[in-house]
Amino acid sequence: MAGMGDNPFKKCINPTCNLTYKINNNILVCKCGSFLDIIYQKNFSRELIQTFYQRRNHGGNIYNESGVWRFRELINFANLDTEDFEQCSKILVSLDGSEGRQSKPYKMKKVSEYSLIDNDFLLLQPEGYNPSGSFKDNGMSTAVTHAKMINMNKIICASTGNTSASAAMYAANENIKCEVFVPKGEIAPGKLGQAFQFGAQVIEIDGNFDDALAYSLKEAQELGAYTVNSINPFRIEGQKTILYRALEYLDWNPPDWIVYPGGALGNTSSCGKAIMELYDLGWIKKIPRLLVVNAEGANTFYELTNGLFGGKKLEWNIGRPDLSLIKEYYDQKDKKGIKPRTKATAIQIGKPANLIKALRSIDFTNGIVTQVSDKEMSDGMALVGLNGFDCEMASGAVPAGIRKLRKEEIIKKDDVVVGILTGKQKDPRLSIDYHLNQSNRFSKPPVAK
Ligand SMILES: *Cc1c(COP(=O)(O)O)cnc(C)c1O
């Protein structure tokens with residue numbers, strides 16, 4: 001069998017030339033102007049096919065390959081009591097095992113410098129590496145599993161873009177109907193494009209996300225359709241695996257902090273629940289602290305939990321949070337006509353649906369809620385890019401929030417921090433505009449020649 005060591009070489013594709021070159025130089029085109037081929041030993045043994053297959057090593061089972069379903073015992077609401085592939089495939093919804101498969105923590109040197117944390121202590125997990133390009137696939141695979149379990153043939157959601165992209169993708173793959181309510185003109189073109197591409201019925205609302213959610217919940221009730229927004233507890237179950245993958249990477253030793261951007265607060269709720277459960281099981285002895293980062297222009301959770309409205313801090317309070325404080329807050333915003341405003345449209349949410357569950361998470365983990373500006377989020381987004389990773393502006397809130405808490409010395413120098421980069425860039429205009437603008441801290445404007 002030809003080994004790896006048998007010298008490959010470069011060879012001109014022009015039969016009348018036939019010149020060959022060594023591999024180790026930067027000659028990329030032949031002297032004669034023709035292109036070059038790379039030539040290997042030809043007598044590879046066919047047994048290599050087995051080797052390739054073994055390297056993939058998932059036993060042909062997409063549920064073992066899936067970054068969600070390989071943790072299926074911990075999210076077993078379907079009460080599956082089998083490892084049999086055929087049986088599993090009758091129940092579990094998966095896009096060929098791809099949800100969560102590639103997302104795990106990475107070190108990013110430039111982000112850690114910016115975040116004022118030692119490179120070994122900061123781990124960032126790009127959930128943009130999901131089939132529809134955001135963390136939403138983690139929870140959508142479980143929510144659609146439940147929809148199928150109870151024979152629903154139409155799913156429905158409101159969305160700032162990524163929920164609809166994910167819902168539409170799974171619906172298309174499972175051959176069920178999908179309706180998505182989106183705030184007109186307020187979602188990234190890449191996200192809207194996916195909803196159309198995957199064949200969802202798009203319904204544009206002349207209002208913001210909070211209005212779209214109200215419409216979609218009403219419509220779901222009228223049509224008997226299945227809601228896949230994060231008010232759905234089965235979404236929350238699937239999203240627990242985001243934490244599992246991070247913990248697995250750390251040999252199940254919890255970090256000191258876990259950081260998420262805060263929108264509708266599904267992730268905050270889900271991560272808190274996952275931590276509570278693992279702690280109850282005795283799998284973890286330490287409770288990591290949650291840091292939730294709001295955008296300044298959509299900072300309901302920040303204001304309420306930090307006592308910036310009505311002088312009272314909103315707290316879980318053993319399951320009896322001050323609901324009247326929340327109502328007064330919303331009433332006042334409505335009366336003054338104050339709408340959430342941020343370029344990070346994924347977290348442009350004024351009335352986070354999971355507020356109460358999120359309070360429970362903050363309470364259990366001794367968590368903190370902070371806020372960052374659009375400018376800080378764009379810097380965070382740009383830096384992730386400068387490490388060769390991709391994320392959208394809402395995810396940029398994560399490095400920005402970590403940096404802020406480091407400066408406040410709340411996150412300590414040798415704390416281990418895991419940050420979740422929630423989705424990939426689907427609004428390329430934001431990256432282009434960032435770099436076109438010389439005054440941005442990390443911009444690299446184009447050069448004309
Ligand atoms: C949905 C979304 C968020 C907000 O997450 P919540 O769980 O609603 O707080 C943040 N970033 C991206 C990229 C999203 O798609």
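Atoms within each ligand, like the ligands themselves, are counted from 1 in listed order.
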Ligand 1 and [X], any nitrogen or oxygen pair closer than 3.5 angstrom?
{"X": "Thr422", "answer": "yes"}
{"X": "Leu265", "answer": "yes"}
{"X": "Thr268", "answer": "no"}

Suppose I only count heavy atoms of [X] and a 4.0 Å limit; which atoms of ligand 1 are within that range?
{"X": "Ala394", "answer": "11 (N)"}
{"X": "Gly266", "answer": "6 (P), 7 (O), 8 (O), 9 (O)"}
{"X": "Lys136", "answer": "1 (C), 2 (C), 3 (C), 14 (C), 15 (O)"}
{"X": "Ala264", "answer": "6 (P), 8 (O), 9 (O)"}
{"X": "Gly423", "answer": "13 (C)"}
{"X": "Asn267", "answer": "7 (O)"}
{"X": "Glu392", "answer": "13 (C)"}
{"X": "Asn162", "answer": "13 (C), 14 (C), 15 (O)"}

Does [atom1] belonging to [X] count more than 12 external heavy atoms closer than 6.0 Å?
{"X": "Gln197", "atom1": "CD", "result": "no"}
{"X": "Gln221", "atom1": "CD", "result": "no"}
{"X": "Lys444", "atom1": "NZ", "result": "no"}

**Request:** Evaluate the ring planes of His146 and Tyr226, with Trp represented by its six-membered ring, and classify them as parallel (under 30°), tilted (30 to 60°) or perpendicular (over 60°).
**Result:** tilted

**Message:** Quick check with a 6.0 Å cut-off and a 45 degree axis cone: is Lys104 positioned over the face of Tyr106's six-membered ring?
**Reply:** yes

**Fill in**
For Thr370 and Gly401, the nearest pair of non-hydrogen atoms, with its separation, is CG2-CA, 4.5 Å

**Prompt:** Is the closest side-chain heavy-atom distance between Pro255 and Val417 below 4.5 Å?
**Reply:** no

**Message:** Just so I know, are the side chains of Phe364 and Trp316 near enough to count as touching, which here means a heavy-atom distance under 4.5 Å?
**Reply:** no

**Message:** Using a 4.0 Å heavy-atom cut-off, which part of Asn354 comes near ligand 1: side chain, backbone, both, or neither?
**Reply:** neither

**Prompt:** Under 4.0 angstrom from ligand 1, any heavy atom of Phe135?
**Reply:** yes

